[in-house]
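The next block holds one structure in the form of structure tokens; read it before the comments.
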Amino acid sequence: MEPPAECPRETPALAEENAKFLNLIGPGELERCLFTETLDVVAADAQPRDAAWGRWWVSARWAPYERAGEPARSCLLVQAGCRRRQDGVPASSSLKAYVTPEMETLEQEEQECLEHRPYPVRRRTHMVSHQHGMTVTKTLQEGEHALGVQPQAVGSGEAEVFVIERAVHAGAGASTVWHSSFLPSGRLARLVQVGSPMVMRLQDEPVPATDTDGVKPLPPFPKQPLDWEEDIQLFSWFLDRKGELQEYHAAYIQQHPELQVLLSDFLLALLLQQPQDPVSFAAEFFAHKEPPETRFTSSGAANPSPSPSHPVANRE
């Protein structure tokens, strides 16, 4: 839809001081803004060894900006994202914007997602500039409502499908509601927008027959690539498990201080004798090594004599 010829609101004038500051920004200053960085998300009072809640990243680089009917322009592509847990609920946010060298935003999109089961919340804000100003579109999607299993016509037969209702609430105007019907195989059998005269439905799906034992064969599912770092729930599980393992390993080392003495003795013997085969030397060392009695055991304890296959390095 084309924007109106006249905007009801006037664009605020740029202050003189701000205009002077923007005029000072040249190619050299913009080059210093090109970088990529990743940081951990932690509590404000977190200690250095505390587990991270999530990850935040930002990137700025030159990229072509293309729009239908217009030549491509070289712009700054600014992207940022964050994955974290908010009150124990996985959450994510992202930002993508195209900015001209004159610091004019051509297009920007922000997305926020709160995976609060069973009612996830997704917000999206899209801004695009044009000759009349800028158009801002906001959408809000709150969860999915299951309508249950219902019999529906599929192809030339009838099958039981699982129906889900999805509603998207716009910033202005009426909400949009869809009903999606899924077969047991996972295929989408029917899609209808409430209030629309059109219905999208599947035509070529055969209705599976039930055998005499009442057991339906499992449908084949092709392997799909799993990008777990992009999946907010899997990534949150990974961070939680990583923190648990770090705490578990640190506690084990504190409970067994003799490990430090044992490793110190081994490294000292390895550096003094410098064997040609460190792996065999390590096997022989730990096969004859007795555990230290206390954490204050001298690191100069008796070391195994080098075997013929482990000659002592020549020392001046």
Side-chain angles (χ1 to χ4, degrees), residues 31-62 79-86 88 90-92 94 222-316:
E31 289 294 333
R32 299 175 184 175
C33 299
L34 306 182
F35 68 98
T36 299
E37 189 61 77
T38 302
L39 302 176
D40 288 337
V41 179
V42 298
D45 55 350
Q47 300 299 321
R49 294 185 178 180
D50 289 349
W53 289 357
R55 182 170 295 177
W56 177 88
W57 62 271
V58 63
S59 171
R61 59 183 177 88
W62 292 108
Q79 295 176 290
C82 179
R83 301 186 188 93
R84 65 195 184 280
R85 297 186 69 89
Q86 182 174 332
S92 65
S94 63
K223 282 189 175 182
Q224 298 292 338
L226 177 61
D227 191 355
W228 61 270
E229 293 184 346
E230 296 298 329
D231 189 289
I232 182 172
Q233 187 172 10
L234 293 179
F235 190 77
S236 299
W237 287 346
F238 166 76
L239 293 178
D240 294 342
R241 183 56 178 165
K242 180 180 178 181
E244 293 176 359
L245 289 177
Q246 289 177 345
E247 296 178 358
Y248 177 77
H249 295 162
Y252 180 80
I253 293 177
Q254 292 178 357
Q255 294 174 2
H256 298 276
E258 65 274 11
L259 293 177
Q260 298 181 358
V261 178
L262 190 63
L263 293 177
S264 298
D265 289 347
F266 170 69
L267 290 177
L268 180 61
L270 184 68
L271 295 176
L272 289 177
Q273 302 189 27
Q274 300 182 8
Q276 296 295 330
D277 188 357
V279 177
S280 300
F281 179 81
E284 182 181 355
F285 178 87
F286 288 106
H288 298 83
K289 183 68 176 178
E290 295 182 357
E293 297 180 357
T294 64
R295 60 181 303 177
F296 301 103
T297 303
S298 172
S299 59
N303 295 321
S305 300
S307 63
S309 58
H310 305 140
V312 179
N314 293 330
R315 290 187 284 270
E316 294 295 332

For Ser236 and Arg84, work out which heavy atoms get closest and say how close.
OG-O, 4.5 Å
For the pair Glu31 and Trp62, evaluate side-chain contact (heavy atoms from CB on, under 4.5 Å) and give the outcome as yes or no after the intermediate values.
CA-CA 9 Å; Glu31 289 294 333; Trp62 292 108; 3.1 Å; yes
If I take atom OG1 from residue Thr36 and atom CD from residue Gln79, how far apart are they, to the nearest 0.5 angstrom?
9.0 Å
dist Asp240:CG -> Trp53:CH2 (nearest 0.5 Å) comes out at 12.0 Å
Where Trp56 and Cys82 come nearest, the two heavy atoms and their spacing:
CD1-CB, 3.8 Å
From CD1 (Ile253) to OH (Tyr248), nearest 0.5 Å
11.5 Å
Interatomic spacing from CD in Glu258 to CG in Leu263 - rounded to 0.5 Å
10.5 Å
So do Tyr252 and His256 actually touch side chain to side chain, heavy atoms under 4.5 Å?
yes
With heavy-atom distances below 4.5 Å as the criterion, would you say the side chains of Arg55 and Val41 are in contact?
no
What residues, two or more places apart in sequence or in another chain, satisfy side chain to side chain donor-acceptor pair (under 3.5 Å) together with Trp57?
none
Do side-chain atoms of Gln273 reach the backbone of Leu270 as a donor and acceptor pair under 3.5 angstrom?
no
What pair of heavy atoms forms the shortest contact from Leu239 to Gly54, and how long is it?
CD1-CA, 3.6 Å
As an exercise, state the distance from CG of Leu267 to CZ of Phe285, rounded to the nearest 0.5 Å.
9.0 Å
